[in-house]
Amino acid sequence: SAKDMKHRLGFLLQKSDSCDYSSSQGKKEKISSSQRVSQEEVRKWADSLENLIHHDRGLAAFRAFLKSEYSEENIEFWVSCEDYKKTKSPAKLSPKARKIYDEFISVQATKEVNLDSCTREKTSHNMLEPTLSCFDEAQRKIFTLMEKDSYRRFLKSPYYLDLVSPPGAGCGPENCKRSHAHTLDCNSNIISQCA
């Protein structure tokens, strides 16, 4: 669930290497120094959508946010296009392109992205002879859509605000007040307290 994802993201910011956390599957995970994200890095995510989604933890936080808004197909499409562009074998281009097209662009797509008819038509035409750039225009349109819409909401959401606040700021065992003029229950806070 989106709440589980929020909690897992909070674990990445913990300061102590000696804390063990259990995931929703009950497995113990130890967070190493290399997995934590610095406050400086998190602040850079607010500079541009590109900074956010080119950072593994930023991408995970944004994906969790989009999932909470039921619009994760946009970032999934963008990631699929990035992966597609790294395809080395010409023989794999066509099947990979078809999979992306069927999943995100076709009329019966299970995770259809919001594209104008002109871009959709051009992308359909590109499917006749797929190249590494056949999704470029569609990917650019979806990136712009996310940048103007969901990215702005993400920066105002607890998914981002709780990560950019110093860990444990104003958070005590009984209550958890944020400087963002709202109160969060400590148990549901993204920045989980270390036992």
Side-chain angles (χ1 to χ4, degrees), residues 1-6 8-9 12-13 34-35 37-38 40-164 190:
S1 76
K3 197 170 186 177
D4 289 337
M5 189 79 112
K6 282 171 61 175
R8 279 188 229 134
L9 289 171
L12 301 173
L13 294 174
S34 63
Q35 289 179 300
V37 183
S38 70
E40 184 182 331
E41 192 64 45
V42 172
R43 283 187 206 95
K44 284 181 189 171
W45 298 349
D47 294 341
S48 71
L49 176 58
E50 203 157 296
N51 283 356
L52 174 68
I53 60 181
H54 281 97
H55 189 284
D56 288 346
R57 305 297 178 247
L59 179 61
F62 189 53
R63 191 180 293 222
F65 169 73
L66 290 177
K67 195 168 187 146
S68 77
E69 290 199 332
Y70 304 101
S71 62
E72 69 266 28
E73 69 278 353
N74 292 326
I75 195 65
E76 287 179 21
F77 172 67
W78 186 88
V79 169
S80 294
C81 290
E82 287 297 290
D83 180 55
Y84 175 77
K85 287 190 267 190
K86 294 173 189 163
T87 306
K88 300 266 191 275
S89 165
K92 291 183 180 176
L93 279 182
S94 192
K96 271 184 141 181
R98 177 53 55 192
K99 185 176 189 283
I100 292 170
Y101 181 83
D102 290 345
E103 191 172 0
F104 298 103
I105 297 173
S106 79
V107 182
Q108 299 90 13
T110 53
K111 300 176 183 177
E112 187 179 352
V113 290
N114 188 7
L115 291 171
D116 58 272
S117 59
C118 185
T119 306
R120 193 176 301 277
E121 207 172 293
K122 185 175 180 182
T123 308
S124 296
H125 181 72
N126 290 345
M127 294 307 297
L128 299 173
E129 289 182 43
T131 64
L132 288 176
S133 61
C134 68
F135 294 109
D136 284 1
E137 189 174 335
Q139 185 185 20
R140 204 169 23 257
K141 296 268 176 149
I142 293 303
F143 181 89
T144 303
L145 182 72
M146 290 189 295
E147 189 175 43
K148 290 180 176 176
D149 187 30
S150 47
Y151 172 62
R152 291 179 182 175
R153 285 196 309 279
F154 169 77
L155 294 177
K156 295 174 184 170
S157 77
Y159 286 86
Y160 179 71
L161 294 176
D162 285 351
L163 293 174
V164 82
I190 291 175

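- Closest approach of I100 to S80, counting heavy atoms only: CD1-O, 3.6 Å.
- Nearest heavy atom pair, residue N74 against residue N114, reads OD1-N, 4.5 Å.
- Formation of a donor-acceptor pair under 3.5 Å by the Y160 side chain with backbone atoms of V42 is found in this model.
- Checked for salt-bridge contact, R140 and D136 miss the test: no charged N lies under 4.0 Å from a carboxylate O.
- Contact between L132 and L93 at its shortest, heavy atoms only, is CD2-CD2, 3.4 Å.
- The line from NZ of K96 to OG of S89 is 9.0 Å long, rounded to the nearest 0.5 Å.
- The aromatic rings of W78 and H54 sit perpendicular to each other, their planes meeting at more than 60°, with 30° as the lower class boundary.
- Annotation: salt bridge (Lys or Arg N to Asp or Glu O under 4.0 Å) contacts of E137 (sequence neighbours excluded): K122.
- For the pair F135 and P130, the minimum side-chain heavy-atom distance is 4.5 Å or more.
- No side-chain N or O of S48 forms a donor-acceptor pair with one of Y151 less than 3.5 Å apart.
- Ion pair R43/E40 not flagged as a salt bridge, since none of the NZ, NE, NH1 or NH2 atoms sits closer than 4.0 Å to an Asp/Glu carboxylate oxygen.
- Interatomic distance, OG of S106 versus CZ of R98, reported as 8.0 Å (0.5 Å rounding).
- E112 places none of its side-chain heavy atoms less than 4.5 Å from the side chain of F77.
- Electrostatic pairing of E41 and R57 does not count as a salt bridge here, judged by no charged N lying under 4.0 Å from a carboxylate O.
- Counted within 6.0 Å of NZ on K85, heavy atoms from surrounding residues, nucleotides or ligands total more than 12; the atom is thus considered enclosed.
- Taking both residues in full, the closest heavy atoms of L155 and W45 are given as CD2-O, 4.3 Å, listed atom of the first, atom of the second, then distance.
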Test side-chain contact (heavy atoms from CB on, under 4.5 Å) applied to E76 and R63, step by step: CA-CA 8 Å; E76 287 179 21; R63 191 180 293 222; 4.3 Å; yes
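- Taking all atoms of both residues into account, the shortest heavy-atom contact from S68 to Y159 is CB-OH, 3.2 Å.
- Side-chain contact between F143 and I53: present, with at least one pair of heavy atoms (C-beta onward) separated by less than 4.5 Å.
- Between R120 and K141, the closest side-chain pair of non-hydrogen atoms is not below 4.5 Å.
- The aromatic rings of F62 and F154 lie perpendicular to each other, with more than 60° between the two planes, well past the 30° mark.
- E69 is listed as a side-chain neighbour of R153, based on a closest heavy-atom distance under 4.5 Å.
- Under the 4.5 Å side-chain criterion, counting only non-hydrogen atoms from C-beta, E82 is in contact with Q139.
- Nearest heavy atom pair, residue C134 against residue N126, reads O-ND2, 2.9 Å.
- E121 contributes atom CD, which lies 13.0 Å from atom CD1 of I105 (distance to the nearest 0.5 angstrom).
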